[in-house]
2 protein chains.
Amino acid sequence: MDKYYTITELTREFGVSTRTLRFYEDEGLIHPERRGRTRLFRAADRHLIKEILRGRRIGFTISEIREIIQVYKDPPGEMGQLQLLMRKVGEKRDELRQKRRDIDETLAELDNVEEACLTRLAEIGVGT
Amino acid sequence: MDKYYTITELTREFGVSTRTLRFYEDEGLIHPERRGRTRLFRAADRHLIKEILRGRRIGFTISEIREIIQVYKDPPGEMGQLQLLMRKVGEKRDELRQKRRDIDETLAELDNVEEACLTRLAEIGVGT
DNA sequence: AAAAAAATTGACTTTCACGTAAAAGTTAAT
DNA sequence: ATTAACTTTTACGTGAAAGTCAATTTTTTT
């Protein structure tokens, strides 16, 4: 009988709106079951939602996320498609590595900003 | 006499459109000089554009980028503002760290996808 | 069974980050 | 001087990813 989740349980867990989850269904990213018209989310859906939100956080578009998800469900059977996919994977990898460098640089910059703040605070603190 | 750059030089260097750079000016991120109505970009602008694009790559909004830039030009003089800023810096830091985790996980996933592809390719390759 | 709470669909709206087109002015090269 | 290439402003358009609102079901609670 496998536990299932209601839509609002999941919206609370993940901090998204119901609209968002329905949107993801419309976009073909998840396929919750139905009891009548009401959606029943299973563990698999829940897991997918996690992946979707992770993809979202790092800036993937819906269709990019859809593509990645599809590969698991059904890796392309045709040669050309496979090669295309692999090329894309390579590109994504490069992109993500660049992003990680960007993040590291920005983290360093935030350290500077913070230090500037502390200095400023000290200046002000002394004067009062 | 300090070298300056035309707008198209920079669009070519950074792979963005003129519209984008003008938009950044409208948004108050850069302030190129003018000779008549024509924009003259200096090294400082060029550097800022680099930062803006880096921020963009990791998903910062224009106003977030603007905030960061402002701190350099003019760190807030008022106590409350400073504390607010430092709180924000802390939040950004957390956000970026989360993003880095997301990226690492996704990179691992890409490895899986690639392996699935290779396996599939081998299967197909044998049959032909 | 009646009332209250939750879920559904559908349509319209919003925000962000530019794109695009038009019309006109500017500069550089021939 | 003319052409070509570039640049400017103004203003409307666009796509992605939801948000919002309204009008129904459906489900749950009393």
Side-chain angles (χ1 to χ4, degrees), chain A residues 1 3-42 45-46 48-70 88 92 95 99 102, chain B residues 1 3-42 45-46 48-69 92 95 99 102:
Chain A
M1 58 181 242
K3 197 192 192 288
Y4 62 83
Y5 309 82
T6 76
I7 196 167
T8 26
E9 274 180 296
L10 292 182
T11 62
R12 277 176 195 144
E13 175 171 3
F14 294 116
V16 298
S17 70
T18 58
R19 180 70 183 83
T20 299
L21 296 184
R22 289 188 200 111
F23 176 69
Y24 290 158
E25 185 181 6
D26 285 350
E27 292 292 319
L29 300 183
I30 50 181
H31 301 282
E33 297 168 28
R34 296 290 177 116
R35 177 172 58 203
R37 358 176 75 186
T38 301
R39 292 165 178 81
L40 299 181
F41 294 81
R42 300 301 182 111
D45 300 306
R46 187 168 160 282
L48 266 180
I49 293 171
K50 262 192 215 172
E51 292 220 2
I52 294 167
L53 296 180
R54 190 178 69 201
R56 187 176 79 163
R57 282 195 299 273
I58 57 185
F60 283 172
T61 69
I62 295 295
S63 42
E64 286 172 322
I65 295 172
R66 184 171 29 228
E67 265 185 90
I68 295 181
I69 288 177
Q70 295 251 340
K88 278 190 199 160
K92 277 298 154 210
E95 189 186 310
K99 227 170 234 189
D102 291 332
Chain B
M1 58 182 240
K3 195 192 193 286
Y4 62 83
Y5 308 82
T6 75
I7 196 167
T8 27
E9 274 180 298
L10 292 182
T11 63
R12 278 175 193 145
E13 174 171 5
F14 294 117
V16 298
S17 69
T18 58
R19 179 70 181 84
T20 298
L21 295 184
R22 291 191 197 112
F23 174 69
Y24 292 157
E25 184 180 7
D26 285 349
E27 291 294 318
L29 300 184
I30 51 181
H31 302 280
E33 296 167 27
R34 298 287 177 122
R35 176 171 58 202
R37 4 177 71 188
T38 301
R39 292 165 179 80
L40 299 182
F41 293 81
R42 300 302 182 113
D45 300 306
R46 189 169 158 281
L48 266 180
I49 293 171
K50 261 191 214 173
E51 292 221 2
I52 294 167
L53 296 180
R54 190 178 67 200
R56 184 175 84 162
R57 283 196 298 273
I58 58 185
F60 284 171
T61 67
I62 296 296
S63 42
E64 287 173 320
I65 294 172
R66 184 172 29 228
E67 264 185 89
I68 295 181
I69 288 177
K92 277 297 154 212
E95 188 186 312
K99 229 170 232 193
D102 290 333

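None of these values were measured; they are calculated from a predicted model. Throughout, protein chains are lettered first and strands after them, A, B, ... in sequence-line order, and every chain is numbered starting at 1.
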[N] [atom2] sits how many Å from [X] [atom1], rounded?
{"X": "B:R34", "N": "D:dT7", "atom1": "CZ", "atom2": "C1'", "value": "10 Å"}
{"X": "B:L21", "N": "D:dT9", "atom1": "CG", "atom2": "P", "value": "13 Å"}
{"X": "B:F41", "N": "D:dC6", "atom1": "CZ", "atom2": "P", "value": "16 Å"}
{"X": "B:E9", "N": "D:dA5", "atom1": "CD", "atom2": "P", "value": "17 Å"}
{"X": "B:L40", "N": "C:dT26", "atom1": "CG", "atom2": "P", "value": "14 Å"}

Earlier contact from the 5' end, DNA chain D, for B:D26 and B:T8: B:T8
Helix axis bend for the helix from C:dA1-D:dT30 to C:dT30-D:dA1 - C1'-based end axes, five pairs, 10° rounding: 20°
By side chain to side chain contact (heavy atoms under 4.5 Å, CB included) - contacts of B:E67 (at least two apart): B:K88
For B:E27, enumerate each residue passing the side chain to side chain contact (heavy atoms under 4.5 Å, CB included) test, keeping only those at least two apart in sequence or located in another chain. B:F23, B:L29, B:I62, B:R66
5' to 3', nucleotides 11-30 of chain D under a 4.0 Å protein heavy-atom cut-off (B base, S sugar-phosphate only, - none) gives B-----SSBB-----SS---
Taking B:R34 for its side chain and B:R37 for its backbone only, find out whether a donor-acceptor pair lies under 3.5 Å. yes
Under the 3.5 angstrom rule, does the side chain of B:T8 hit a backbone N or O of B:T11 as a donor-acceptor pair? no
Positive for salt bridge (charged side-chain N to carboxylate O under 4.0 Å, His left out) with A:D102, one of B:R57, B:K99, B:R54: B:R57
Out of C:dT8, D:dT7, C:dA6, minimum distance to the side chain of A:I7 belongs to C:dT8
Closest contact, heavy atoms only, A:I30 versus A:L21: CD1-O, 3.7 Å
Students often get this wrong, so: under 4.0 angstrom with heavy atoms, is A:R57 touching a base, only sugar-phosphate, or nothing? nothing
May I ask you to say what A:R22 touches in the nucleic acid, namely base, sugar-phosphate or nothing, with a heavy-atom cut-off under 4.0 Å? base
In chain order, what residues pass the salt bridge (charged side-chain N to carboxylate O under 4.0 Å, His left out) check against A:R56, with sequence neighbours excluded? none
Mind checking side chain to side chain donor-acceptor pair (under 3.5 Å) for A:R19 and listing every partner two or more places apart, or none if nothing turns up? none
Got a second to check how far A:Y4's OH is from A:E9's CD, nearest 0.5 Å? 9.0 Å
